[in-house]
Amino acid sequence: MSAPSLLDQLPGLGDQARRLHAPVRLALLALTVLVSLLLFASTPLQGRVDFVVFVVIAFALVQTGVSFALEGRRHALDRLVSLLVHLALLAAVVPLVSVLSYTVYKGLKKLDGQFLTHNLTGLGPLDTNGGEYHAIIGTLEQVLMATAIAVPLGLLVAIYITEYGKGWLAAAVRFVIDVMTGIPSIVAGLFVFAFWVIGLHRGYSGLAAAFSLTILMLPVVVRSSEEMIKLVPAELREASYALGLPKWKTILRIVLPTASAGITTGTMLAVARVTGETAPLLLTSFITPATNTSPIAGKQTAIPTFIFSQIGLGRPANYDRAWAAALTLIIIVLVLYISARLLTRRNTLTRR
Amino acid sequence: MSKRIVAEDVNAFYGSFRAIAGVSLTIEPNTVTALIGPSGCGKSTFLRTINRLHEVIPGARVEGKVMLDSEDLYGAGVDAVAVRRTIGMVFQRPNPFPTMSIYDNVAAGLRLNGIKNSKVLDEAVERSLRGANLWNEVKERLAKPGAGLSGGQQQRLCIARAIAVEPQVLLMDEPCSALDPISTLAIEDLMTDLKQRYTIVIVTHNMQQAARVSDRTGFFSLEATGEPGRLIEIDTTEKIFSNPSEKRTEDYITGRFG
Ligand SMILES: Nc1ncnc2c1ncn2[C@@H]1O[C@H](COP(=O)(O)OP(=O)(O)OP(=O)(O)O)[C@@H](O)[C@H]1O
Ligand SMILES: [Mg+2]
């Protein structure tokens, strides 16, 4: 026999036999399931969900008990907590994955070339063809316009607050932005409806919808950009001043590029958020079965309002269209989000 | 090209707090002048009054006169931005621009001041990097990010960036405090080189460094915390380190105070 290794002499490290290895734990789980099955068969206990909950609780108790007896208090506690953490992870991920996968499952049924390239004109209530072309156009135009207004404006406001704003005016601006964060989206739509659609007799349009989305995006863009600009170290600004650069050039060439990665992410989150907005669109661009490519005049359907109107009609064909449109919406948001992450990644890579 | 700095009764404030009071001194061209003194006595503050960087801090202001040859830097109608173009600065912590390559960092000052000719820029970048004793280490990777260099290399990159705009004065605030002895030595050698062309003012906590590189040394101190810092004396480095006229200077240098 070889001499005992140093490892075995250290307390707590040796004695591998007295550990609960994976196969043992699997056996414990199997045993728990078996006993639970028997219990559910022979007692008034019943129901699938009840069974799963019962097994989870029973297994937690059994494993902790066995571990306590075999491995000691510290290991037992460790096993219990890591079991809980994994359960929490599962509880968070399961709903997310099921929403996604259910939408994919339901949406794929109808999502095809024909659905993507047609609108809903000339269809009777019983027709099952038609598509969401007009809604995709609407969403892209409206979100693009809203972004084109909200991002430059929000960035300028953020720069004002962080770099130039002093005293009560900056405080007032910051307060207004904070209040804007809390505006319910329907109120933003109502505001544009009252002032633009009715008040100025402009009627429904994609532009009006973009205005309402801008109101929702602006505070998010301002706040996230402000935070990012604040993170740029004062030393970088001073280095730039010391080279003889005026303040505006320092902001444009040093501060903004350094903060750009974070600003992009914040902006993209704002975009993703408004892409799914429905309520304000009902009051600003309304719904139409026809394709309206004009961003500035006439009713225009977007994907969220398309889903809303289809669900309201209540036939199976309508539900199929709604699911397919929902899938399209998720894909659009996902593409936006992933491209934002990639942009950010590229920026951080050039930085390292 | 290098110029004389004369400070007359300079007071610097952070809000209502007076950080330095009544500083008057002359910094000769083509010399290295070291400023020493205990922490918080206003060395950095004084340095930043020379290139008008002090006033970028909200609420901060300067009273008194700083002359660069015959020009009063705080005179009416003098543009702080123009002053900073003539007076370069290197900071305690290396601060290369993180989004820029090595090349772009050095070219930043020139480029952002409107010079676009790539031949002129190429030459200036090489000259400055050679001047900062960094050229051989980075010439193969000028397009790589400046933040990817070692701390000592980054500091020399910052020196290159500062001398690329050909300032008349170079201010250095503890440029070696974050560096290893070898990088420190490289930068000290560099200062001896650079003083042929620039007037150099360096703040340091390292007595040996002050003794090694500087021609003249100024000693700052403060009576008590909350009191403004003052210039106690300034003289040739030899005199300050061998036979200072003030007892406080001697105490500080020999380690009996501060
Ligand atoms: N941004 C600031 N706002 C308010 N007070 C400041 C600021 N910077 C420095 N001070 C104060 O001014 C005084 C002088 O500071 P300064 O940085 O010039 O000291 P120093 O001599 O450079 O010290 P050290 O050797 O530690 O760098 C200190 O009392 C300090 O607290
Ligand atoms: Mg200092």
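All chains are named by letter (A, B, ...) in the order of the sequence lines, taking the proteins before the strands, and each is independently numbered beginning at 1. Bear in mind the structure is a predicted one, so any value in this text is a computation, not a measurement. Just so it is clear, the values below take in all heavy atoms, side chains as well, and ignore hydrogens, waters and symmetry mates.
- The two residues A:L245 and B:V81 make their nearest non-hydrogen contact at C-CG1, 4.2 Å.
- When the shell of 6.0 Å around NZ of B:K144 is examined, it contains 12 or fewer heavy atoms from other residues, nucleotides or ligands.
- Atom CZ of B:R161 sits about 5.5 Å away from atom CG of A:L243, to the nearest 0.5 Å.
- For CZ of B:F17, the number of neighbouring non-hydrogen atoms (other residues, nucleotides, ligands) closer than 6.0 Å is greater than 12.
- Proximity to chain A is absent for every atom of B:L171, based on heavy atoms less than 4.5 angstrom apart.
- No more than 12 heavy atoms of other residues, nucleotides or ligands lie within 6.0 Å of CZ in B:R93, so this atom counts as exposed by the packing criterion.
- Ranking A:E235, A:K166, A:K247 against chain B, the residue ahead of the rest is A:E235, based on heavy-atom pairs under 4.5 Å.
- If you measure heavy-atom distances from A:T250 to chain B, you find no contacts under 4.5 Å at all.
- At most 12 non-hydrogen atoms from other residues, nucleotides or ligands lie less than 6.0 angstrom from CD1 of A:I296.
- Between chain A and the options B:Q92, B:R48, B:R52, heavy-atom pairs under 4.5 Å are most frequent for B:R48.
- For the atom pair CD (A:E238) and CZ (B:F91), the distance works out to 5.5 Å, reported to the nearest 0.5 Å.
- Between B:P98 and A:L236 there is a side-chain heavy-atom pair separated by less than 4.5 Å.
- B:P58 does not touch chain A: none of its heavy atoms, backbone or side chain, sits under 4.5 Å away.
- The shortest distance between side-chain heavy atoms of A:P257 and B:F97 does not fall below 4.5 Å.
- Between B:V56 and A:R237, every side-chain heavy-atom pair lies at or beyond the 4.5 Å cut-off.
- The number of heavy atoms from other shown groups lying within 6.0 Å of CZ (A:F175) does not exceed 12.
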